[in-house]
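Since the structure comes first, as structure tokens, the remarks are kept for the end.
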Amino acid sequence: MAEDEETRKHLVIAKPFALEDDKDSEHTASSAIRRILSLFKNVRLGSDLTNFQLPPQLNQPRSQLQCYGEMIYSFCGQDLLGECSRRDLPIERLKSVVTWNISTLRPIVFGMSPYNPVLGETHHVSHGHINVITEQVSHHPPVSALHATHENENIDVTWCQYFTPKFRGAYVDVEVKGKRIMKLLNRKETYEMDQPRLVVRFLPAPGAHWTGKIKIKCPETDLEAELHLNSDSFIERFKSNNNRSIKGKISQISSKDKLYDIFGHWDRAVTAKNLKTGELEVIYNAKESMSGLKPPTVKNMKEVMESESVMVWSEVSEKILKKDWERAREAKKAVEDKQRESLKQREASGETWVPKHFSVVRNGKDWDCSPLHPTVPRAPLVITEAQEEIMN
């Protein structure tokens with residue numbers, strides 16, 4: 001018990017990757033490219049990399065669950081999620097949902113990957129009125145579920161995330177699948193959202209970029225938005241080292257009438273143009289939303305679950321941050337061995353593992369995850385008071 005309490009005193013929570021950290025990733029890219037290419041020298045084109053094992057030197061000190069959670073709880077400035085329900089007009093609410101969706105796009109560190117979560121791992125954080133919980137509901141293949149609720153505005157967000165990375169020689173193509181749904185319960189509106197692809201390119205210039213199409217649709221208001229991320233083009237990579245452009249439109253579903261053009265860069269600013277009046281409106285400013293991000297702090301250590309990501313991976317993260325690679329490797333192996341042992345015990349007893357926070361349905365290669373509870377409770381990990389003051 002004393003040893004357990006001692007472990008709890010040394011939880012390591014990595015800082016979110018903020019806008020100002022992006023310059024450091026360019027150095028990481030140049031130093032990591034040789035090591036990465038050496039790992040892929042025996043991998044065939046088209047191979048599925050879902051279970052590909054990385055050495056600790058290529059791991060970020062955070063779980064993939066933390067990365068998903070940060071997309072919602074890690075922000076500075078305005079509460080963009082709450083703003084989705086505050087607007088009176090349907091078109092203004094859709095624009096707010098578009099803005100919030102853009103804010104979930106975060107820079108990717110080339111050559112560095114988060115930990116692959118273990119089965120049953122969770123991550124639970126609160127920021128102001130927003131409570132977020134994520135859970136790894138499958139390990140092979142890796143499937144993550146997320147549920148977030150906004151206490152004041154009665155907003156419900158559910159994600160089911162699973163992906164298939166494919167090795168293509170000069171790059172890795174990661175197709176991200178699963179549903180993203182936002183419900184504005186006070187407005188009786190549901191917004192369905194697609195997910196962009198991730199491309200990790202080795203040549204001619206190393207980098208990792210979001211690309212592809214995102215569609216946001218609300219049947220109740222007869223409105224939809226379509227966004228195109230254009231940072232993957234071979235030509236665009238030479239025109240700019242930091243393109244990350246976004247273009248799109250907002251339309252009425254039934255008539256196909258285009259109401260707004262959307263354009264800009266998701267890591268800088270995005271503008272909406274009213275096609276009827278010609279009015280321009282900056283709907284998103286990345287600097288205001290993604291600068292100076294801080295990690296959550298532990299508010300109540302006794303309520304931190306054993307399955308919490310920062311508990312599961314704390315020793316690995318600590319050794320990575322200290323660049324103690326041998327001990328990081330040993331700690332990572334210990335986490336993976338513990339998971340394999342749990343699997344053996346379940347198989348021996350005929351026990352079926354059941355997620356704690358979600359019901360999960362698998363239909364062939366498709367997955368659907370639904371929260372077991374209507375709201376997410378307050379978390380023992382919180383964004384600090386200083387940050388909450390900025391938000392309010």
Side-chain angles (χ1 to χ4, degrees), residues 48-52 62-74 81 84 97-98 100-106 108 113-125 132-149 155-166 172-184 190-200 208-219 224-229 232 266 309 353-373 376:
D48 187 336
L49 301 178
T50 303
N51 299 317
F52 193 74
R62 58 165 56 76
S63 170
Q64 182 65 60
L65 289 187
Q66 184 175 344
C67 294
Y68 288 144
E70 286 173 356
M71 292 178 178
I72 295 182
Y73 70 69
S74 185
L81 179 60
C84 295
V97 174
V98 168
W100 175 80
N101 193 282
I102 294 171
S103 78
T104 65
L105 295 170
R106 302 300 168 96
I108 305 296
S113 176
Y115 313 127
N116 189 15
V118 300
L119 187 63
E121 181 181 327
T122 59
H123 185 54
H124 189 194
V125 176
V132 183
I133 191 160
T134 58
E135 182 177 12
Q136 193 70 7
V137 297
S138 173
H139 186 66
H140 293 298
V143 181
S144 308
L146 176 147
H147 187 207
T149 51
I155 298 173
D156 183 285
V157 177
T158 305
W159 290 356
C160 185
Q161 305 269 140
Y162 51 103
F163 54 88
T164 305
K166 299 277 187 168
V172 172
D173 184 11
V174 183
E175 183 181 4
V176 186
K177 298 182 179 180
K179 293 182 179 179
R180 286 186 175 185
I181 295 175
M182 175 193 290
K183 294 181 180 179
L184 306 183
T190 298
Y191 295 80
E192 301 173 1
M193 311 174 198
D194 291 338
Q195 304 184 55
R197 287 168 44 239
L198 176 64
V199 171
V200 181
H209 313 284
W210 296 110
T211 186
K213 182 173 69 175
I214 302 172
K215 183 169 282 190
I216 303 170
K217 182 167 62 175
C218 179
E224 69 177 5
E226 189 173 291
L227 307 174
H228 294 266
L229 306 180
D232 184 41
W266 61 261
S309 290
W353 183 83
V354 178
K356 185 176 181 180
H357 303 282
F358 296 86
S359 65
V360 179
V361 176
R362 183 176 187 179
N363 183 12
K365 294 183 178 181
D366 295 327
W367 295 73
D368 191 23
C369 307
S370 302
L372 293 176
H373 307 287
V376 180

So, taking the atom named [atom1] in [X] and the one named [atom2] in [Y], what distance separates them when rounded to the nearest 0.5 Å?
{"X": "Arg180", "Y": "Leu146", "atom1": "CZ", "atom2": "CG", "answer": "9.0 Å"}
{"X": "Ile72", "Y": "Thr149", "atom1": "CD1", "atom2": "OG1", "answer": "10.0 Å"}
{"X": "Leu105", "Y": "His209", "atom1": "CG", "atom2": "NE2", "answer": "13.5 Å"}
{"X": "Asp156", "Y": "Met182", "atom1": "CG", "atom2": "CE", "answer": "10.0 Å"}
{"X": "Thr104", "Y": "Trp266", "atom1": "OG1", "atom2": "CH2", "answer": "9.5 Å"}
{"X": "Lys183", "Y": "Thr158", "atom1": "NZ", "atom2": "OG1", "answer": "6.5 Å"}

Would the distance check show the side chain of [X] and the main-chain N or O of [Y] forming a donor-acceptor pair, the cut-off being under 3.5 Å?
{"X": "Arg362", "Y": "Gly364", "value": "yes"}
{"X": "Gln195", "Y": "Gly178", "value": "yes"}
{"X": "Glu135", "Y": "His357", "value": "yes"}

Test log, rule side chain to side chain contact (heavy atoms under 4.5 Å, CB included), inputs Ser138 and Val360: CA-CA 9 Å; Ser138 173; Val360 179; over 6 Å; no
side-chain contact (heavy atoms from CB on, under 4.5 Å) partner of Tyr68, chosen from Pro114, Ser144, Pro117: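 In the set Pro114, Ser144, Pro117, the residue that makes a side-chain contact (heavy atoms from CB on, under 4.5 Å) with Tyr68 is Ser144.
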side-chain contact (heavy atoms from CB on, under 4.5 Å) partner of Tyr191, chosen from Val98, Val157, Ile216: Ile216
[X]: salt bridge (charged side-chain N to carboxylate O under 4.0 Å, His left out) partners, not counting sequence neighbours:
{"X": "Glu70", "value": "Arg62"}
{"X": "Asp173", "value": "Arg197"}
{"X": "Lys215", "value": "Glu226"}

Looking only at non-hydrogen atoms, find the nearest pair between [X] and [Y] and report the distance.
{"X": "Met71", "Y": "Trp159", "result": "SD-CZ3, 3.7 Å"}
{"X": "Leu65", "Y": "Thr134", "result": "CB-OG1, 3.5 Å"}
{"X": "Trp210", "Y": "Leu198", "result": "CZ3-CB, 3.9 Å"}

No-hydrogen, no-angle side-chain donor-acceptor test under 3.5 Å, Ser309 and Glu121: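 Judged by distance alone, the side chains do pair up.
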Donor + acceptor pair across side chains of Gln136, Gln64 (<3.5 Å): no
Test side chain to side chain contact (heavy atoms under 4.5 Å, CB included) applied to Val376 and Val132, step by step: CA-CA 6 Å; Val376 180; Val132 183; 5.9 Å; no
Side chain to side chain contact (heavy atoms under 4.5 Å, CB included) assessment of His124 paired with Tyr73: CA-CA 10 Å; His124 189 194; Tyr73 70 69; over 6 Å; no
Should [X] and [Y] count as side-chain neighbours, where that means a heavy-atom distance under 4.5 Å?
{"X": "Trp367", "Y": "Pro141", "value": "yes"}
{"X": "Val172", "Y": "Val174", "value": "yes"}
{"X": "Ser359", "Y": "Leu372", "value": "yes"}

Whether His147 and Phe358 hold their rings parallel, tilted or perpendicular, with breakpoints at 30° and 60°: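 Ring orientation, 0 to 90° scale: perpendicular.
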Derivation of the side chain to side chain contact (heavy atoms under 4.5 Å, CB included) call for Met193 and Val97: CA-CA 10 Å; Met193 311 174 198; Val97 174; 3.7 Å; yes
